Amino acid sequence: MTSNNGKLTKKDFTSDREVRWCPGCGDYAILATVQTMLADAGARPESTVFVSGIGCSSRFPYYMDTYGFHTIHGRAPTVATGLAASRPDLDVWVVTGDGDGLSIGGNHLMHALRRNVNLNILLFNNEIYGLTKGQYSPTSPMGSTHKSTPMGSLDHPVNPVSLALGAEATFVGRSIDTDRKHLTEVMTRAYEHRGASFVEIYQNCNIFNDGAFAALKDPGQKDENQIRLKAGEPIVFGPEDEHAVVAEPDGSMAIVPTAEAGDRVVVHDPSRSEPTTAFALSRLSLNPTGPTPIGVFRDVDRPVYDDLLRDQVTRARSERGEGDLAALLESGNVWEVA
Amino acid sequence: MSGTVTERKNLQLSNAVVRFAGDSGDGMQLTGDRFTTQTAIAGNDLATLPDFPAEIRAPAGTLAGVSSFQLHFSDQDIHTPGDAPDVLVAMNPAALKKHIGALKPGGTLIVNTDAFTNRNLQKAGYDADPLESDILADYQIHRVPVTDLTLRALEDTIERGELNKKEAERCKNMLALGLISWMFSRPISGTEEWLKDKFAKAPHIADANITVLRAGWNYGETTEAFVFTYEVKSAQLAPGRYRNITGNQALAYGLVAASVRSKLPLFYGSYPITPASDILHELAQHKNFGVSTFQAEDEIAAMGSVIGAAFGGSLAVTASSGPGVALKAEAMGLAMMTELPCIVVNVQRGGPSTGLPTKTEQSDLLQAMYGRNGEAPIPVVAASSPADCFDAAIEAARIALTYRTPVVLLSDGFLANSAEPWNLPDVDGLPDLSTVYEFPTEPNGEDGEFLPYLRDESTLARSWALPGTAGLEHRIGGLEKEDGSGHINYEPENHHAMTVLRHQRLQRIADALPPLEVEDPDGDADVLVVGWGSTKGPIQAACAELRERGRKVARTHIRHLAPLPNDVDEVLGRYDTVVCPEANMGQLSMLLRARTLVDVKTYNRVSGQPFSGSELAEAIEGFGWGGQA
């Protein structure tokens, strides 16, 4: 039972269901981080709802002692939109994956983001279909060989952060399953953002796609490849900050030795109203096999869909008064038959 | 008094059928609507049949672009928009060609001669001008230069530069309306007020239309060509306050009423589709009732949003037509599995696939019954007349809220767009839907836990606990679950038990339904006609016609198609012959045969048009009284 007083802990967000992901799955780390993060951020279990679609990640709601809805493939953003639009008092989270959110449900993801519905969307990207046992996904690198692509995948992959920015999402972030501190930071900011937030989480599938994010996770490689975005700071990375991100004349970004960058180094500003710079940053890596930005790409304010929807109801009531059913039925030409 | 004016005769008619036909851009739907309103105010019973192309502006002057509006009005209780028109207004050659075949022999034909140019004749496929030949000899033909009269009436307006010639020409439908209004002794003052209101921001346009409307009336009054005027006296409708209403409007009002009477906010999520979109347009105007309208990115999203809103405690509704409902099928299964109350309206149109978007059909009944994966029983309710859409919406809400289930509400293109007088209900007498559900605030388990699938013993409805309620946190989803706890469960026996339980829930609905109403005036009928949905009017008309011929015929109309009423076996078993006319290939007939083992005869025509009463009378006679075995 949840106590209504005092500070909550991870335990208050943990359900009594046995967690059934494969041993070693990156989802465990994300689950633990979310449970702790919510407690620390002051969320209430009764006001928190996790909505998911179909796939390994979509089992997530069962393990949270909050309200939860395990819906159908790709449609979690639609159910979450109906809920958030009708219930301003709730914190609504969507948990989805690269197949669920970007393939079958790609359409809904785009619309939830551009409408700026008050949702927090967590996309667990493992570059594979896990629950259906190992087919390539929309984020799998071109040429990757899996069960359905023995001769290599032919699909050009989608970059989830680029897609979210293209849909003009008001909050876009990226983090890594096992980097608890960084993931907590990004998710806390997503939680505090009013409107749609989108967080891509690189999540290792140790059964079907182990090591997909080794460049960003292995002790020997990660310092060389993680581009940690920090608001207000020049974007430099590497063990000695020896690499810098600079803007090119054509609007793209490039990585050059810091020593040669001079004042061309980009200073990160997630509050820029235009998503163009954030988009250019997201293009630094198509698949995270080399230097890849993580952190908050974009965090801007824009009117929130559900607020606007409710405002119209409020305005209609103040302009025309509370609806009167008898008067509604009698609107138009009414005649009497004696 | 001048002796040259022909003496006018005012003929009393019991009923009349008028059809306006013209190009899509000629304003025939609006003309029909206005004439309908004037007719309603005159106290006639009426029924309308709008018929328009799916293309917004089909090529002008072609047969494909013809739009028509038929109105049947009477001093008696009537049930259909009428069979053959008594009066046809044809605004161009294509309209004439398409509709002349329907006009009663000896009927009145009014043609806009100005539109009979060589080019328009060619587009309509006429080799020679039909007005110059004798193919129209059977009719009372009136050649009216509608365009020319319109322009002449607006000469001053054009001269003052308030309207150009093209804009002025657009008022020509008002000339036709004025003329027909005169012919049927309908006052035009209501239309004048309506025009002033509609064009309040452009008074010169209102003035122009009114000028032309009056010119049309005066043309009838002063032209010797029109020897007769007609009068159809008020019908003896049941006492009450009346207004005209279309099915889509009545359905929207019914949803608002269900929201008011359930004290739940109405959430309406939908994706535009013909012929359901008008429900969205109507509801969007009533946000002061706390109505939220959400235009989703697609049909699936609309259904998803409805499930989310229902989870959050709204009266959640979506509407679509067959193609859209097909897309919603998986999500409807989820709503059924998670036992959340919501309504899915299907305003059926001609199918299959894209079919005939603006025409009517009853061919989605089996889709409503079975169009989902797995054993996914969902209650199905059908509206039977435009005004009945109001009551049907409230009934759908009652079932959804009482039993915590999605409900399919079937309307169709004919009900959606046609109008009839509606005896306004007493708002306080509408069902109280606020007592059929409650939101729990306390755990219901023996150990202080909350069991989302614990059920009410009589309705089998599960507990509807809303997010935001402390202590009742729970998870639901589309996976099979254990009853009570709602935990995921893959056990074979549990799955069978849950499948049976979901069917039993429907049986509980049937157990609480009133018996079928059977209209059998002398109680000794040989033939029972069973119908559902919009065939009610034509079936009523057919039965009245058969009884006049001395045939003993009974009829019953089924509102609840799933579950069927418990007494359906007994009622059908009572009659020697049972006939079921449907605008599909026999979908209800199949269900009734399977359920009752009665050899239900079926009459089917799938033309996109409603049945006429005489067509059905003939068909029914063919099955009964020693007719076809």
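The model shown is predicted, which means the values in this text are computed figures rather than measured ones. Residue numbers start from 1 in every chain, and the chains themselves are labelled A, B, ... in the order their sequence lines are given, proteins ahead of strands.
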Within 6.0 Å of [atom1] in [X], more than 12 heavy atoms from elsewhere:
X: A:Glu336; atom1: CD; value: yes
X: B:Asn373; atom1: CG; value: no
X: B:Tyr271; atom1: OH; value: no

Out of [options], which one racks up the most heavy-atom pairs below 4.5 Å with chain A?
options: B:Ala235, B:Gly43, B:Ala309, B:Ser259; value: B:Ala309
options: B:Ile300, B:Ile476, B:Leu424; value: B:Ile476
options: B:Leu430, B:Leu479, B:Thr338, B:Leu237; value: B:Leu479
options: B:Gly240, B:Ala238, B:Gly478; value: B:Gly240
options: B:Phe311, B:Phe390, B:Trp194; value: B:Phe311

Review point. Sub-3.5 Å donor-acceptor pair from the side chain of A:Arg87 to the main-chain atoms of B:Gly312, do we have one?
Key: yes
Review point. B:Asn288 side chain to A:Ala316 main-chain N or O, any donor-acceptor pair under 3.5 Å?
Key: no
Minimum heavy-atom separation for [X] and [Y], please, with both atom names.
X: A:Val334; Y: B:Arg243; result: CG2-CB, 4.1 Å
X: A:Leu83; Y: B:Gly308; result: CD1-O, 3.4 Å
X: B:Ser314; Y: A:Ser86; result: OG-CB, 3.7 Å
X: A:Tyr305; Y: B:Thr293; result: OH-O, 4.4 Å

Heavy-atom proximity to chain B below 4.5 Å, by part of [X]:
X: A:Arg315; value: neither
X: A:Val49; value: side chain
X: A:Arg320; value: both
X: A:Ser331; value: both
X: A:Thr71; value: both

Could you state the interatomic distance from [atom1] ([X]) to [atom2] ([Y]), rounded to the nearest 0.5 Å?
X: B:Ile41; Y: A:Asn333; atom1: CD1; atom2: CG; result: 4.0 Å
X: B:Arg475; Y: A:Tyr67; atom1: CZ; atom2: OH; result: 9.5 Å
X: A:Leu329; Y: B:Ile245; atom1: CG; atom2: CD1; result: 7.5 Å
X: A:His70; Y: B:Leu334; atom1: NE2; atom2: CG; result: 9.5 Å
X: A:His108; Y: B:Ser305; atom1: NE2; atom2: OG; result: 10.5 Å
X: B:Glu473; Y: A:Phe50; atom1: CD; atom2: CZ; result: 12.5 Å

Practice item. Kindly indicate whether the side chain of B:Glu297, heavy atoms from C-beta on, has any atom under 4.5 Å from the side chain of A:Arg115. Key: yes
Below 4.5 Å, heavy-atom pairs only: which of [options] has the largest tally toward chain B?
options: A:Pro61, A:Ser58, A:Ala112, A:Ala85; answer: A:Pro61
options: A:Gly82, A:Gly332, A:Ala76; answer: A:Gly82
options: A:Gly323, A:Ala326, A:Gly105; answer: A:Gly323
options: A:Ile72, A:Val92, A:Val313, A:Ile54; answer: A:Ile72
options: A:Asp324, A:Leu309, A:Leu328, A:Thr81; answer: A:Leu328
options: A:His111, A:Met64, A:Arg310, A:His73; answer: A:His111

Check whether [X] gets within reach of chain A through its side chain, its backbone, both or neither, counting any heavy atom under 4.5 Å.
X: B:Ala316; result: neither
X: B:Pro467; result: both
X: B:Leu340; result: side chain
X: B:Leu466; result: both
X: B:Val260; result: side chain

Exercise for review: Tabulate, in ascending numerical order, the residues of residues 248-257 of chain B having at least one heavy atom closer than 4.5 Å to a heavy atom of chain A, or enter 'none'.
Suggested key: B:Tyr253, B:Val256, B:Ala257
Review point. Relative to the ring of A:Trp335, is the ring of B:Tyr242 parallel (under 30°), tilted (30 to 60°) or perpendicular (over 60°)?
Key: parallel
Point to revise | salt bridge (charged side-chain N to carboxylate O under 4.0 Å, His left out) between B:Arg241 and A:Glu330, intermediate numbers included | key: CA-CA 9 Å; B:Arg241 290 172 65 71; A:Glu330 296 230 351; 2.6 Å; yes
Practice item. Would you please say whether a donor-acceptor pair under 3.5 Å links the side chains of A:Arg17 and B:His487? Key: yes
Exercise for review: Scan side-chain atoms only and decide if B:Asp298 and A:Asn107 contain a donor-acceptor pair under the 3.5 Å cut-off.
Suggested key: yes
